[in-house]
There are 2 protein chains.
Amino acid sequence: MQLHKRDVVDVATSLLDDYGIADLSMRRLARELNVSPGALYWHFANKQQLLGAVADRILAAVDDVPAGWRDRIAGICAQLRDALLSHTDGAELVSASFAAGQSAAMTGVLGRLTAAAADAGVAPEHAELTARTVIYYVLGFTADEQSRLQWDAAGADVAQTVWAEDPSARFTFGLHLLVDGIAVHSRAGT
Amino acid sequence: MQLHKRDVVDVATSLLDDYGIADLSMRRLARELNVSPGALYWHFANKQQLLGAVADRILAAVDDVPAGWRDRIAGICAQLRDALLSHTDGAELVSASFAAGQSAAMTGVLGRLTAAAADAGVAPEHAELTARTVIYYVLGFTADEQSRLQWDAAGADVAQTVWAEDPSARFTFGLHLLVDGIAVHSRAGT
DNA sequence: ACCTGAACACCGTTCAAGT
DNA sequence: ACCTGAACACCGTTCAAGT
């Protein structure tokens with residue numbers, strides 16, 4: 001039967017979950033789909049574009065939060081982190097797709113965070129950069145968190161120190177750093 | 001004559017500058033050095049470790065800034081951005097090495113930023129996360145900036161909009177967002 | 001329109017064997 | 001101690017040819 005984009009993204013996502021991003025290759029994906037590698041290139045221009053589609057699948061659950069700008073930013077970011085954490089190497093994959101401009105879903109998130117920043121009173125010419133700064137934080141923090149999680153799920157008892165204790169609370173603290181910075185740069189200041 | 005780590009890192013860096021990170025392969029590097037690919041594995045455990053050494057070379061010029069915590073953070077970050085921008089794909093390479101924990105130089109930067117955060121009055125258990133947040137911003141912003149720079153140096157007249165205008169001023173704005181957030185979380189508040 | 005088969009031009013890493 | 005040669009097990013992408 002015919003190969004559809006949906007099936008390709010489905011199988012790619014399960015390959016990601018089971019074996020991680022390093023083993024998500026065009027050839028392996030084709031093998032799993034029982035098609036020749038070239039078949040994938042009828043549906044996707046290249047690997048980057050396919051990974052962008054996987055990123056969008058991962059981010060499908062992230063939607064807007066109708067609330068004041070503080071809760072809106074906090075809510076979107078919490079959803080984003082949760083989505084990334086529910087797939088192996090999710091943060092790394094979405095990071096790469098965002099940097100390559102291949103994720104429509106991340107463009108959507110960027111837009112909503114930009115609106116929230118504008119709502120907070122950030123000058124229009126700085127609103128998008130403000131939103132990007134928030135995204136850099138969420139992606140950076142979560143990629144870190146996830147690599148530690150996966151590392152010691154694989155056996156290594158990595159130094160516990162301050163790190164293992166309540167990642168969610170740590171995540172919130174870092175996010176507040178940004179939110180409070182935004183408040184300082186807003187017209188009102190609150 | 002004998003192959004030394006220094007020569008390997010030298011040639012790797014010039015390969016990076018001339019052709020970018022995608023063309024910096026172990027095999028190509030070996031060819032350029034007139035040795036067999038296996039020879040590199042006598043000096044480096046794997047590619048990640050070698051890239052970490054290149055990252056450290058790129059960051060050699062980044063040192064501490066003896067000043068109050070605000071100027072110290074601003075100064076270190078400006079140096080960091082400058083270092084990244086002076087090598088093709090510098091931000092991407094250092095990002096990857098930092099995430100993989102393979103850059104001693106980035107560990108040093110992290111330590112100095114952590115000290116600055118503590119100096120600002122951030123609680124000890126949050127100082128490192130604060131420093132990481134700053135680093136996520138600098139790496140994210142600069143990777144973005146650099147990919148745009150390299151994209152339209154390669155011919156494409158990418159939408160000028162708000163983006164091209166004074167990247168340094170934009171960089172400073174985003175950094176101030178963080179610095180001001182840190183000030184809010186400090187004991188003194190200034 | 002959609003896919004196969006086969007090729008092109010590569011990869012990172014290992015390791016017996018040489019000097 | 002340091003390196004070669006050759007192998008192992010892969011890659012992403014293209015494209016004539018088939019259905």
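Letters A, B, ... mirror the listed sequences (proteins, then strands); counts begin at 1. Please read all numbers here as calculations on a predicted model, not as lab measurements.
Taken residue by residue, residues 23-38 of chain B places heavy atoms nearer than 4.0 Å to DNA chain D at B:Arg27, B:Val35, B:Ser36, B:Gly38. Residues from residues 40-47 of chain B that place a heavy atom under 4.0 Å from any atom of DNA chain D, listed by number: B:Trp42, B:His43.
Side-chain atoms of B:Asp89 come within 3.5 Å of backbone N or O of B:Ile21 as a donor-acceptor pair.
Rounded to whole Å, atom C1' of C:dC2 lies 14 Å from atom NZ of A:Lys5. In this structure, A:Asp7 atom CG and C:dC3 atom P are separated by 10 Å, rounded to whole Å. Straight-line distance from the CG atom of B:Leu51 to the C1' atom of C:dC11: 14 Å, rounded to whole Å.
Nearest heavy-atom pair across B:Val138 and B:Cys77 is CG2-SG, 3.6 Å. Nearest heavy-atom pair across B:Ser95 and B:Leu139 is OG-CB, 3.5 Å.
Under the 4.5 angstrom side-chain criterion for Ile, Leu, Val, Met, Phe, Trp and Tyr, B:Trp42 has no cluster partners at all.
Screening residues 95-114 of chain A for ring pair (Phe, Tyr, Trp, His ring centres under 6.0 Å) gives no qualifying pairs among residues at least two apart or on separate chains.
Ring planes of A:Tyr136 and B:Tyr137: tilted class, angle from 30 to 60°.
Listed by chain and residue number, B:Asp64 satisfy the salt bridge (Lys or Arg N to Asp or Glu O under 4.0 Å) test with B:Arg72 (two or more places apart in sequence, or in another chain).
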For DNA chain D, the dot-bracket pattern of Watson-Crick and G-U pairs whose distances stay under 3.5 Å, | for other-strand partners: ||.|||||...|||||.||
